[in-house]
Amino acid sequence: MNRFNFDQIIPRRGTGSIKWEQYPADVLPMWVADMDFASPPAVVAALHERAAHAVFGYPAHPERLAEVICERMAHLYRWHIQPEHILFMPGLVSAINVLCRAFGEPGDSVLTLTPAYPPFLSAPRNQQRQIDTCELSLSVSGSILSYAIDFDALRAAMHERTRLLLLSHPHNPVGLEYDPPTLRRLAEICLDHNVIICSDEIHCDLLLGETRHIPLASLDQAIADRTITLMAPSKTFNLPGLGCSMAIIPNPELRRQVSRAAAGIVPHVNVFGFAGALAAYEHGTEWLAALLQYLTANRDHYVARITTELSPLRCTIPQATYLGWIDCRELPLSISPYRFFLNEARVAFSDGAAFGPGGEGFARINFGCPRAQLDEALDRVAAVLQRLTDTHANT
């Protein structure tokens, strides 16, 4: 019997939750990548124990956490890294901004594949870099969407001032897990153009069904020397508020450049972030296995409802993450799908337009929640779609 109750509804309003307090109380929030599940019991116990110490001074990077991360990489991927390869960061958005600052000069370019996690689009501009985009290739089969890299377009998008590629792997928002041949081909193009790769792998543990993850930097040494891998326990174990992530950088020169760019600007990880991360990685395996079963079932349930009940909506079948990508372009709307569903269904999705080229007319849903909450959101969507159909039938 599963001892973790992911069906439990945990009230979050009034707790300082951005997800639940961004919108009025009648709006069901299905947007930001923040699950509505209790974190692993071992993490909660570790935080209680740390709080009971009652002294919250400046933290040192815990040696044991770095060792556990190295052990984890070796066990999961046969990727052998060293503790000194790891730079701890208070969050991946900070890390992405640091990387854009670390490489090149003002006016140089950063390239990303769209639709893309919105900070991929804003971080280069924050650091006086240009942002270039290469749209993923979209295929449609009935109600199902699938995406792939257009390598000709990727190569054409690179130029003499391209310094950095921001890669989401698995890809947020479309849920695509890149396979080794795809990763190798992408890396070879970057190496040919002397472009450093930032591989954001924060969703790498959230694998649905039989999906398996391969870190880009684990493919070979030449790729590792030009790759910075970003990971964190935050999405996996639902700890985003604790603020602990890491950049794995085997190349010492790249590591020095990143450290210099972060110096005096990026704060240290706090004591609770370190304590929570260590407890999650050391004692969260059973909880994670149960979570993945639940998320896979949620994914299958959500896809089935979209494809059988919610025409003309279409969707991806995510291989990883707890994020669904919904194509609303066939709806007869005069406003964005995000705004339509917010106004009419009182459901808050993420606005597809915020994900850059290829996102207009789409919405992103977070299905990392109890099944009843997911169904309530889809029921609301079904009701407004029926009203929309009835209205157009009568005009």
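Everything quoted here is computed from the prediction, not taken from an experiment.
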Could you check whether the rings of Phe4 and Phe6 sit parallel, tilted or perpendicular, using 30° and 60° as the cut-offs? tilted

Nearest 0.5 Å, what's the CG-CG distance between Asn238 and Asp36? 7.5 Å

Could you tell me whether the side chain of Thr211 and the main chain of Leu207 form a donor-acceptor pair under 3.5 Å? no

Rounded to the nearest 0.5 Å, what's the gap from OG on Ser245 to CG on Leu239? Could you check? 12.0 Å

Could you go through Arg305 and Asp379, starting from their C-alpha distance and side-chain angles, then the distance that decides it, and tell me whether this counts as salt bridge (Lys or Arg N to Asp or Glu O under 4.0 Å)? CA-CA 10 Å; Arg305 290 205 61 184; Asp379 287 346; 2.8 Å; yes

Interatomic spacing from CD in Gln373 to CE in Met30 - rounded to 0.5 Å: 5.0 Å

May I ask you to check whether over 12 heavy atoms, not counting those of Glu210, lie within 6.0 Å of atom CD? no

Closer than 4.0 angstrom, basic N to acidic O: yes or no for Asp34 and Lys19? no

Between His193 (side chain) and Ile189 (backbone), is there a donor-acceptor pair under 3.5 Å? yes

Using the ring-ring contact (aromatic ring centres under 6.0 Å, His included) definition, which of the options Phe367, Phe362, Tyr302, Phe349 pairs with Trp325? Phe362

Are Tyr77 and His213 close enough that a side-chain donor and a side-chain acceptor fall under 3.5 Å? no

Would you say Arg226's side chain and Ala187's backbone share a donor-acceptor pair under 3.5 angstrom? no

Quick one: are Leu136 and Ile149 in side-chain contact, heavy atoms under 4.5 Å? yes

Rounded to the nearest 0.5 Å, what separation is found between the CG atom of Leu65 and the CD1 atom of Ile86? 7.5 Å

